[in-house]
Amino acid sequence: MGYGAIALVSVIVLFMQKQYKHIKMAFIIVTLMSLIPLIGCIMNGFSYVSNRWLWGYSFLIAFIIVIGWEKLYHLNNREIIVLLSCLCIYTVLCFVFTETRKIDVLFSLGICFILMAIICFIKKFHIHYGQLLVIGCVLINIFGNAFYKYYSYVNEFVDNDDILDKLENGEEEYLLSLNDNTFYRYTGDNITNNGTLYTGLNSTQYYWSLEINAITKFREELGLSDNFLISSYKTLDSSTILSTLANVKYYVQEDSIPWLYIYR
């Protein structure tokens, strides 16, 4: 979710307090909801499983940070030991599971222990300077999260100057030149994502954030090979039969076209 280390520390501090029972209960309920795929389906309009509703979870975490902000600077020795123990257990769990044994997770864990050092020695500083140090850690954490998330991710995007050229000189331009006014679909392994929104043509390609559940079920039951991402697909496995059912008239490909198609 891209949270800073301050979020984890604040949640632990919250559960060390005797009050805020409603906030604790809300955190437990929403956390359990996030672990149940059916909830993701319900919250996504009964379509495929998606947790985009977790913006509400982020709002709750932000509220918990606000609650715990002042308390961070007034923890007693017992509370500091409990907090440190919880962080150590969490760190061990992160190393146990392969999915969390990553550089970005280790970076955030490092920030957690820096925060712990600040909290432990806060009494030796003026509280104002302690808060500035914590804010500095939060800013560094946000920068680190953004860097590890996007430094390679941005290479997948199309340059601004190339967008129009990609739309106007793709396979759609060739299909429009055929002046075929009948209703048809086209398909292919490398057709432009959502190019039909620009040209008004129809294809088998789909890349959107929400889709009809029946289509997902159809593709799953057929075991189509590109069904690894529910909200994005291109072809019908180059199947002539399935393409015919989908009213596919043109298969856009430089070579190796499927059975029964002819070159033009």
Side-chain angles (χ1 to χ4, degrees), residues 1-35 40 51-154:
M1 297 294 290
Y3 299 141
I6 188 70
L8 176 60
V9 173
S10 298
V11 168
I12 298 172
V13 170
L14 173 74
F15 279 88
M16 290 193 294
Q17 310 301 315
K18 292 182 179 179
Q19 63 269 47
Y20 307 114
K21 292 182 179 178
H22 290 89
I23 304 298
K24 294 176 187 177
M25 186 59 67
F27 175 81
I28 293 171
I29 291 173
V30 177
T31 300
L32 291 175
M33 287 174 61
S34 70
L35 300 175
N51 282 333
R52 59 170 59 90
W53 63 273
L54 285 180
W55 62 266
Y57 192 96
S58 298
F59 181 82
L60 178 61
I61 294 296
F63 193 72
I64 291 173
I65 292 173
V66 172
I67 291 173
W69 182 258
E70 287 295 330
K71 300 185 184 303
L72 285 175
Y73 311 104
H74 301 94
L75 298 177
N76 57 42
N77 292 335
R78 175 187 162 278
E79 289 172 327
I80 289 175
I81 292 172
V82 172
L83 178 57
L84 184 59
S85 299
C86 291
L87 289 178
C88 288
I89 293 171
Y90 189 82
T91 302
V92 170
L93 290 174
C94 287
F95 277 99
V96 168
F97 296 104
T98 307
E99 294 82 359
T100 50
R101 207 181 303 149
K102 301 185 297 183
I103 184 65
D104 54 335
V105 176
L106 297 178
F107 171 79
S108 291
L109 287 173
I111 297 292
C112 274
F113 286 101
I114 293 174
L115 286 175
M116 279 302 308
I118 295 172
I119 292 169
C120 289
F121 296 103
I122 195 71
K123 295 177 182 178
K124 295 184 179 181
F125 303 99
H126 190 280
I127 190 170
H128 176 69
Y129 297 119
Q131 290 178 332
L132 288 177
L133 288 172
V134 172
I135 291 173
C137 285
V138 172
L139 292 175
I140 293 172
N141 206 168
I142 292 171
F143 172 81
N145 286 350
F147 174 78
Y148 287 116
K149 171 66 179 176
Y150 297 113
Y151 81 101
S152 60
Y153 184 45
V154 292

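The structure presented is a predicted model; accordingly, all values stated were derived computationally and were not measured.
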S.K.: Can a donor-acceptor pair be found, under 3.5 Å and without considering hydrogens, that links the side chain of R101 to the backbone of V96?
M.R.: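 Yes, R101 side chain to V96 backbone: donor-acceptor pair under 3.5 Å.
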S.K.: Any side-chain heavy atom of N145 within less than 4.5 Å of one from Y3?
M.R.: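 They are not in contact (no side-chain heavy atoms under 4.5 Å apart), so the answer is no.
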S.K.: For a 4.5 angstrom cut-off between non-hydrogen side-chain atoms, does W53 reach N51?
M.R.: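 In short, these two side chains touch, coming nearer than 4.5 Å.
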S.K.: Report yes if the side chains of L14 and S10 come closer than 4.5 Å at any heavy-atom pair, otherwise no.
M.R.: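 Sidechains of S10 and L14: no contact.
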S.K.: Rounded at 0.5 Å granularity, tell me how far CG in L83 sits from SG in C88.
M.R.: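 If I round to the nearest 0.5 Å, the distance is 9.5 Å.
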S.K.: Out of curiosity, C112 SG to N141 CG, how far, rounded to the nearest 0.5 Å?
M.R.: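 Interatomic distance, C112 SG to N141 CG, rounded to 0.5 Å: 7.5 Å.
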S.K.: With rounding to the nearest 0.5 angstrom, report the CD1 to CG distance, I81 to L75.
M.R.: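 With rounding to 0.5 Å, CD1 (I81) is 11.5 Å from CG (L75).
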S.K.: Count the heavy atoms of every other residue, nucleotide or ligand shown that sit under 6.0 Å from CZ of F113, and state whether that count exceeds 12.
M.R.: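 Yes, because the 6.0 Å sphere around CZ of F113 holds more than 12 heavy atoms from other groups.
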S.K.: What is the minimum heavy-atom distance between A5 and I111, and which atoms define it?
M.R.: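 Of all heavy-atom pairs spanning A5 and I111, the closest is CB-CG2, 3.7 Å.
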S.K.: Looking at L93 and T100, what are the two nearest heavy atoms and their distance?
M.R.: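 L93 and T100 have their closest heavy atoms at O-OG1, 4.0 Å.
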S.K.: Check whether any side-chain heavy atom of L72 lies under 4.5 Å from a side-chain heavy atom of I6, and answer yes or no.
M.R.: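 When only atoms from C-beta onward are counted, I6 and L72 do touch, with a gap below 4.5 Å.
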S.K.: Can you tell me how far CG of L87 sits from CG of L109, rounded to the nearest 0.5 angstrom?
M.R.: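 Nearest 0.5 Å value for the CG-CG distance: 8.5 Å.
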S.K.: I'd like to check Y148 versus V105 (side-chain heavy atoms, cut-off strictly below 4.5 Å). Are they in contact?
M.R.: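 No; the side chains remain at least 4.5 Å from each other.
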S.K.: Hey, can you tell me if W69 and Y73 have their rings parallel, tilted or perpendicular (30° and 60° cut-offs)?
M.R.: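 Correct class here is perpendicular.
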S.K.: In this structure, are over 12 heavy atoms from other groups packed under 6.0 Å from Y57 atom OH?
M.R.: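 More than 12 heavy atoms, drawn from other residues, nucleotides or ligands, come within 6.0 Å of this atom.
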S.K.: Report, as yes or no, whether the 6.0 Å neighbourhood of atom CZ on R78 holds more than 12 heavy atoms from other residues, nucleotides or ligands.
M.R.: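 Not buried by this count: 12 neighbours or fewer within 6.0 Å.
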S.K.: Please find out if less than 6.0 Å separates the ring center of F27 from that of F15.
M.R.: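 That pair passes the under 6.0 Å test.
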S.K.: Please tell me if the side chains of Q19 and K24 come closer than 4.5 Å, counting only heavy atoms from C-beta onward.
M.R.: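 Side-chain contact under 4.5 Å: no.
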S.K.: With rounding to the nearest 0.5 angstrom, report the OG to CD1 distance, S108 to I140.
M.R.: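 That separation rounds to 12.0 Å.
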S.K.: Can you check whether M116 reaches I80 side chain to side chain, under 4.5 Å on heavy atoms?
M.R.: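 Yes - at least one pair of side-chain heavy atoms lies under 4.5 Å apart.
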S.K.: What distance separates I89 CD1 from C94 SG, expressed to the nearest 0.5 Å?
M.R.: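 Nearest 0.5 Å value for the CD1-SG distance: 12.0 Å.
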S.K.: Looking at Q17, E79, M16, which hits side-chain contact (heavy atoms from CB on, under 4.5 Å) with K71?
M.R.: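 Looking at Q17, E79, M16, the match for K71 under the side-chain contact (heavy atoms from CB on, under 4.5 Å) is Q17.
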S.K.: Heavy atoms, side chains only, cut-off 4.5 Å: are D104 and K149 in contact?
M.R.: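 Not touching, per the 4.5 Å side-chain cut-off.
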